[in-house]
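The next block holds one structure in the form of structure tokens; read it before the comments.
Quick note on labels: first sequence line is chain A, next is B, and so on, each numbered from 1. The figures that follow rest on heavy atoms only: side chains count, while hydrogens, waters and symmetry mates do not. Predicted model only: the values in this text are computed from it and were never measured.
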Amino acid sequence: MSMAGLSLKQAPPISVPFRFFLSAPLFLLLAALALLAAGPAALESRWSQPLLGITHLLTLGFMSMVMSGAALQLLPVLAGAQVPQPRLMAWAIHLPLLAGTLLLCGGLYFSTAILVTLAIPLLALAFAVFLTIAIYNLARAPARNASTHAMLLALAALSLTVGLGLLLAAGITGMLKLSMLPLVVLHVGWGLIGWTTLLVIGVAYQVVPMFQLTQPYPSIVTRWLGSTLFVLMLVWSCHLLLPEPAASRLAIAAACGLAACLATFAVITLRLQQKRRRKVPDIVMQFWRVGLASLLTAAILWLAGQVSTTLANSTFYALALGMLFIIGFVLSVIQGMLYKITSFLIWFHLQGKLPPGKAPHMKDIITDRTARWHWRIHLASLPLCLASAMWPMPWIYAAGCALLLGGILLLTNLYRAWNIYLRAGAKAQGVPV
Amino acid sequence: MQTITDYLSAEHRHCDDMFAEAEAAAAKNDLAAAQAGFTAFHKGMEHHLSKEETIMFPAFEQASGSSMGPTSVMRMEHEQMRELFAEMQAALAAKDTHTYAGLSETLLVLMQQHNFKEEQMLYQMADRTLGDREDIVRQMEALP
Ligand code: HEM
């Protein structure tokens with residue numbers, strides 16, 4: 001690794017990550033509205049068309065959106081070098097991701113094949129650009145540690161997820177003749193456990209000790225957990241190639257191993273946080289704790305499904321697992337981190353523009369009070385979601401309203417923060433700095 | 001044999017502890033303890049920063065033949081931290097624990113991302129490039 005190229009100062013323009021951060025909450029709102037509009041029919045089965053649309057509003061519109069913005073911000077720090085043309089790259093990812101997600105979700109929600117067809121090239125473009133940049137920069141990162149290792153595995157899983165997703169989309173439109181079910185099973189597994197969980201694990205290895213001042217993760221965990229999860233995912237995937245009953249046996253064994261990995265990660269992180277050295281109340285950590293508790297619950301439910309076929313075949317089981325995982329785990333963690341990263345970046349960019357001491361600090365940019373209200377509403381939405389998985393009527397309306405309110409709070413908090421940046425920035429132009 | 005990475009990373013952890021104590025005291029509105037904690041933290045940080053700025057960075061710059069590389073960014077971030085130290089001290093003097101909490105949060109993120117870059121990249125490079133790293137550690141240890 002030559003030193004010449006290592007600048008350590010690579011923050012891209014603030015508009016690069018923020019276009020993603022400010023678009024993402026709109027998809028949460030859209031998801032909540034779509035749920036309310038579809039009503040109980042959305043939860044008739046995990047395969048209902050409206051639900052597939054809503055799921056991708058969350059996974060592509062929210063999760064992938066935030067992840068892309070955060071990656072463009074953080075990869076240069078990890079890689080020790082600028083991403084070339086950050087603005088252009090941001091355009092090339094953001095716009096097709098935004099449009100492609102709207103089209104795909106519209107197509108799934110309304111069962112309109114033409115929309116899905118249009119979405120395919122857009123999503124393919126967005127992810128091709130994103131994956132190229134991310135893998136290239138991570139692979140040459142001078143900081144080689146468990147974190148970057150887990151993130152690389154996560155990116156491999158994302159490539160697989162997206163590839164399978166595009167195949168499925170082509171299958172829906174009739175472009176390709178496919179046997180859909182095994183591909184969906186792989187797509188969901190690699191998307192939620194491969195990509196999402198590995199990414200959160202890789203991020204947690206760094207940010208939990210850093211910002212909550214906990215002990216580092218035990219080295220046996222950082223050394224083995226990510227790779228074990230990835231290998232178990234490969235093993236689990238093989239069950240689709242086997243005849244029964246070997247297939248079921250392998251699937252059950254691998255699922256038990258995977259669930260144990262997820263539970264281990266959740267429990268260890270919760271323990272670390274419990275013994276943290278930073279003693280002040282921290283709303284971002286509360287989001288993490290809700291997320292980890294949901295992950296643990298999901299892992300236990302998943303294990304229970306391996307034992308009881310009655311449970312595993314119930315509609316409640318599939319819906320509750322998806323909700324616990326996506327809304328309980330992923331949304332909690334991402335929303336918490338979003339608050340931290342957006343308020344820090346606004347401070348960071350303003351302190352460069354304003355005279356010393358004039359930049360608002362992080363808690364003036366996003367106040368604890370509004371973040372805590374959002375956290376409460378988000379927490380309340382989880383039991384409502386689970387109730388709606390059991391009794392769609394009338395709980396889906398309560399769950400939908402709670403999700404809508406949570407989305408509105410996230411949106412207003414982030415837009416208010418952005419407004420602080422714009423106003424202070426405008427003022428700075430008149431001031432000699 | 002102690003490496004530069006081990007030596008300076010341990011100082012980061014030690015400063016983190018003092019940081020957390022000051023922050024916790026301020027959150028409880030215990031101004032006397034917050035001031036005592038902040039003073040200890042501030043002193044520890046300044047000592048650590050000056051070890052880098054007067055001993056380790058110059059040695060590294062000389063070895064790499066450039067003062068425009070990674071160390072210049074690290075020096076700039078040190079200045080950003082110093083601005084926050086000053087604001088935090090002013091908040092304590094004004095008995096404004098809310099502002100202190102916000103500044104403290106901001107400093108933590110700035111400081112941790114800075115430490116990350118030092119520990120994961122700069123220190124390790126220094127260990128690899130500086131011939132007599134034990135001597136560098138000894139000099140830093142001797143800095144009053
Ligand atoms: C280019 C991106 C993607 C495309 C084109 C895509 C496409 C699809 C399609 C067409 C289906 C439905 C198949 C059917 O009708 O049975 C599906 C299912 C699903 N996808 Fe995606 N997907 C993408 C990305 C993702 C990502 C990143 C995730 C999650 C992290 C995800 C999670 C899911 C889930 C959870 C389901 C199935 C729901 C269930 O099993 O009930 N997708 N995807």
(request) Name the option with the most non-hydrogen atom pairs under 4.5 Å to chain A; the candidates are Q120(B), E21(B), K28(B), Q124(B). (result)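 Most heavy-atom pairs under 4.5 Å with chain A: Q120(B).
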(request) Give the member of R13(B), H98(B), Q113(B), M111(B) that has the highest number of heavy-atom pairs under 4.5 Å with chain A. (result) H98(B)
(request) Select one option (side chain, backbone, both, neither) describing which atoms of F344(A) are under 4.5 Å from chain B's heavy atoms. (result)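 For F344(A), the contact with chain B is made by the side chain alone.
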(request) Name the region of D368(A), side chain, backbone, both or neither, that has any atom closer than 4.5 Å to a heavy atom of chain B. (result) neither
(request) State whether E83(B) and K358(A) are salt-bridged, where the test is any N-O pair (Lys NZ or Arg NE/NH1/NH2 against Asp/Glu carboxylate O) under 4.0 Å. (result) no
Does any backbone or side-chain atom of [X] lie under 4.5 Å from a heavy atom of chain A? Answer side chain, backbone, both or neither.
X       : answer
L110(B) : both
E87(B)  : side chain
A26(B)  : neither

(request) Evaluate the criterion side chain to side chain contact (heavy atoms under 4.5 Å, CB included) for residue pair F19(B) and L213(A); output intermediate values, then yes/no. (result) CA-CA 10 Å; F19(B) 167 89; L213(A) 298 182; 4.1 Å; yes
Are more than 12 heavy atoms, taken from residues, nucleotides or ligands other than [X], located less than 6.0 Å from that residue's [atom1] atom?
X       : atom1 : answer
Y136(A) : OH    : no
E53(B)  : CD    : yes
I220(A) : CD1   : no
R376(A) : CZ    : yes
K279(A) : NZ    : yes
W418(A) : CH2   : yes

Calculate, to the nearest 0.5 Å, the distance between atoms [atom1] and [atom2] belonging to [X] and [Y] respectively.
X       : Y       : atom1 : atom2 : answer
N145(A) : F116(B) : CG    : CZ    : 6.0 Å
R278(A) : S104(B) : CZ    : OG    : 6.0 Å
E23(B)  : R277(A) : CD    : CZ    : 12.0 Å
Q351(A) : L84(B)  : CD    : CG    : 8.0 Å

(request) Give the minimum heavy-atom separation between V280(A) and A27(B), together with the two atoms involved. (result) CG1-CB, 3.6 Å
(request) Give a yes or no answer on whether the side chain of T106(B) reaches the backbone of H361(A) with a donor-acceptor pair at less than 3.5 Å. (result) no
(message) Looking at chain B, which one of Q206(A), M210(A), K340(A) has the largest number of heavy-atom pairs inside 4.5 Å, strictly under?
(response) M210(A)
